[in-house]
Structure formats: C-alpha cells, structure tokens
Amino acid sequence: TVRAGKVVDLVEVHGEPEGRPSGGAYQLPARLLDHLPAAGYSLRDAVRRDLGQGGPWHLVQAQAGEYVDIIEGQDLLSLHEQLMADLPHSIEGTIEPGVHMRGAIHLGEGSVVRAGTVLQGPVFIGRNCEVGPLAVLQPGTCLRNHVRVESFTVLSNCIIASNVAVASHCRIHDSVVDNGVVVGTGTRIAGEPEILVGSDAVLEPNTTILSGGRIGRFARVSAGRVVKDIPDHGVAV
C-alpha cells in the first residue's frame, strides 16, 4: 500500500479482501529477519512491525517496460524471442569447413560446429557444445553450455539448457528443455502451445511430446510413447 510515494503496508491476497496476487518474490532489508519470530514468522506481519517502528519505506516505482512477468512457458519464449532479436554476431569456437551460416550467430568458447550443419540466425550456442555434423539450427535456437546435438536434428525457437544430449533425427520447436535432459533418437518435441521438459528427464527414442505438454523433473518416457503430461519422477512405459 502506497501513500504519498511511500510504502505504508503490505497486504497479501490470502485472508484479506483487499489483497491482490503477487509474484511471490520480495527484496527486503536484512533487519526483517529480526522481526519474524515476534511476527509468528508471517512476512506480512514482520513488514508491518518494521513499518510501525521505523516509519514508511521509500519506494522505487517500476515503470511499464522495465520488468517482465514470467508465469507461463509462453512468457519465457516471448522474452527469449525479444532477446534473440538483438543477438550480436560473435564466433569464439570452431566452425568446420562446409558449415552454412546466415544471420547473427553466437558461438561460445570451446564449442564446435561440424561440417554440413546449417545455422540460420539468430542462433546462440554457449560454451563447450558440439553440433552436427548435418544438424539444422533455425532462428531462435539457444543452446546453453555443454550441449550435444547430433546429425539430422532440427531445432528452432527453443531454449536448451546446459548438459543436454539431443540424439539424431530429432525435432524440437517452441520448447524449453531444462538441464541434464537426454533426448533419444527420433524424438519430437514440437509445441504451439509450448512444451516444457523438466531437468534430468529421459526421453527414449521416438518419443513424441504433444503440444502443451509438461514433462516433470527426473521423468522417464519409454521408447515410442506419445505423451503430454508426466509428473516429477513419473514413468511412462
């Protein structure tokens, strides 16, 4: 609650009619920890105790365009698209002869793009990645670090986190693949709406993830399965 440009209260949605939902993340002074025991470990009540003792807080107002809400997978992909549009061209790794490049490409230190691979920018490849030979990375592809992409795989408008292994003949589009995922040969992860694959999931060969799918962390999908939603540690056999 703001009055005269200063914070005078914190009102949360649960149990208070005038409350409004928030993203659930706050940056607060360390002294709030001292108020928590007396406030019954309620963040709201700890803030109110601090305001009561020290007076209103100064406020830095975030203006429209200075922040982005990331709630759904599509929010992340939309932000990703904006950032990729401004990608500078930078080659720090190794491009083998016979690679076809067009548009802005970032290739990180220690990464190798093998012969016959096609890079259609904007494409971001982080450090210590290996791509190809004969892979296709279309606009909007982002590989973090230590990613392996094998032959005849096509990637586009996707975010691939670190330590991901993508086997040959795969298709990944409109998707976010978290750290440590293993993607088997011939797997199809093509969203619209987007697909999210949690960290350390294993997708065995010829898996298909349906549009809007959510694959949980440490999930395992057996070869040839067509699935949509698998919980954390879930198994589809």
Side-chain angles (χ1 to χ4, degrees), residues 1-86 124 126 140 142 144-145 157-164 174-181 191-201 209-220 227-235:
T1 301
V2 179
R3 296 196 187 106
K6 293 187 176 182
V7 176
V8 297
D9 195 10
L10 173 64
V11 180
E12 294 188 318
V13 66
H14 299 294
E16 299 181 271
E18 69 273 32
R20 293 180 293 176
S22 76
Y26 302 91
Q27 182 175 344
L28 299 169
R31 67 176 182 271
L32 261 293
L33 296 173
D34 298 331
H35 293 303
L36 281 172
Y41 294 95
S42 163
L43 175 62
R44 178 201 61 190
D45 293 342
V47 169
R48 287 175 171 172
R49 285 178 61 86
D50 190 79
L51 290 167
Q53 293 180 13
W57 294 353
H58 292 287
L59 176 70
V60 177
Q61 184 68 49
Q63 303 299 323
E66 292 181 341
Y67 63 93
V68 177
D69 289 324
I70 304 296
I71 308 297
E72 302 290 343
Q74 187 55 53
D75 299 328
L76 185 57
L77 285 174
S78 295
L79 177 60
H80 166 71
E81 184 177 357
Q82 295 176 38
L83 295 174
M84 291 293 284
D86 297 326
F124 180 97
C142 175
R144 189 58 178 156
N145 301 316
N157 193 39
C158 59
I159 303 170
I160 310 295
S162 296
N163 303 305
V164 172
D174 274 356
S175 302
V176 179
V177 178
D178 207 348
N179 295 319
V181 172
E192 295 185 21
E194 77 289 342
I195 293 173
L196 305 179
V197 180
S199 60
D200 298 295
I209 311 300
L210 296 175
S211 294
R214 301 290 186 264
I215 307 302
R217 297 171 300 161
F218 300 98
R220 187 180 190 94
V227 297
K228 185 171 184 180
D229 296 315
I230 306 293
D232 289 352
H233 299 276
V235 178

Using every non-hydrogen atom in the two residues, find where [X] and [Y] come nearest and quote the distance to one decimal.
X: Asn179; Y: Ala161; answer: OD1-CB, 3.1 Å
X: Ala219; Y: Pro231; answer: CB-O, 3.8 Å
X: Ala201; Y: Gly216; answer: CB-O, 3.8 Å
X: Val7; Y: Leu59; answer: CG2-CD1, 3.8 Å
X: Ser211; Y: Lys228; answer: O-CE, 3.3 Å

To the nearest 0.5 Å, what is the distance between [atom1] on [X] and [atom2] on [Y]?
X: Asp50; Y: Asp34; atom1: CG; atom2: CG; value: 9.5 Å
X: Asn145; Y: Asn163; atom1: CG; atom2: CG; value: 8.0 Å
X: Thr1; Y: Leu10; atom1: OG1; atom2: CG; value: 8.0 Å
X: Leu83; Y: Ser78; atom1: CG; atom2: OG; value: 11.0 Å
X: Asn157; Y: His80; atom1: CG; atom2: NE2; value: 5.5 Å

Exercise for the section: State whether the side chain of His35 and the backbone N or O of Val47 hold a donor-acceptor pair below 3.5 Å, judged by distance alone. Expected result: no
Practice task
Spell out, as yes or no, whether a donor-acceptor pair under 3.5 Å connects the side chain of Asp232 to the backbone of Arg217.
Solution key: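 Pair found, side chain donor or acceptor close to backbone of Arg217.
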Taking the side chain as everything from C-beta on, heavy atoms only, tell me whether [X] gets closer than 4.5 Å to [Y].
X: Leu77; Y: Ile159; result: yes
X: Val176; Y: Ile195; result: no
X: Asp174; Y: Gln74; result: no
X: Asp9; Y: Arg48; result: yes

Practice task
List in chain and number order the residues that pass salt bridge (charged side-chain N to carboxylate O under 4.0 Å, His left out) with Arg214, two or more places apart in sequence or in another chain; answer none if no residue qualifies.
Solution key: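 For Arg214 the salt bridge (charged side-chain N to carboxylate O under 4.0 Å, His left out) partners, ignoring immediate neighbours, are Glu194.
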Problem - Test side-chain contact (heavy atoms from CB on, under 4.5 Å) applied to Asp75 - qualifying residues, sequence neighbours left out - result: Ile70, Ile71, Glu72
Problem - Residues forming a side-chain contact (heavy atoms from CB on, under 4.5 Å) with Asp200, sequence neighbours excluded - result: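 Per chain and number, Asp200 pairs via side-chain contact (heavy atoms from CB on, under 4.5 Å) with Phe218.
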Handout entry: From CA spacing to verdict: side-chain contact (heavy atoms from CB on, under 4.5 Å), Val227, Ile209
Key = CA-CA 5 Å; Val227 297; Ile209 311 300; 3.5 Å; yes
Completion exercise
Result for side chain to side chain contact (heavy atoms under 4.5 Å, CB included) between Ile160 and one of Val177, Val181, Asp178, Val197 points to Val177
Practice task
Please test Trp57 against Leu28 for side-chain contact (heavy atoms from CB on, under 4.5 Å), starting from the C-alpha separation and ending with a verdict.
Solution key: CA-CA 11 Å; Trp57 294 353; Leu28 299 169; 3.9 Å; yes
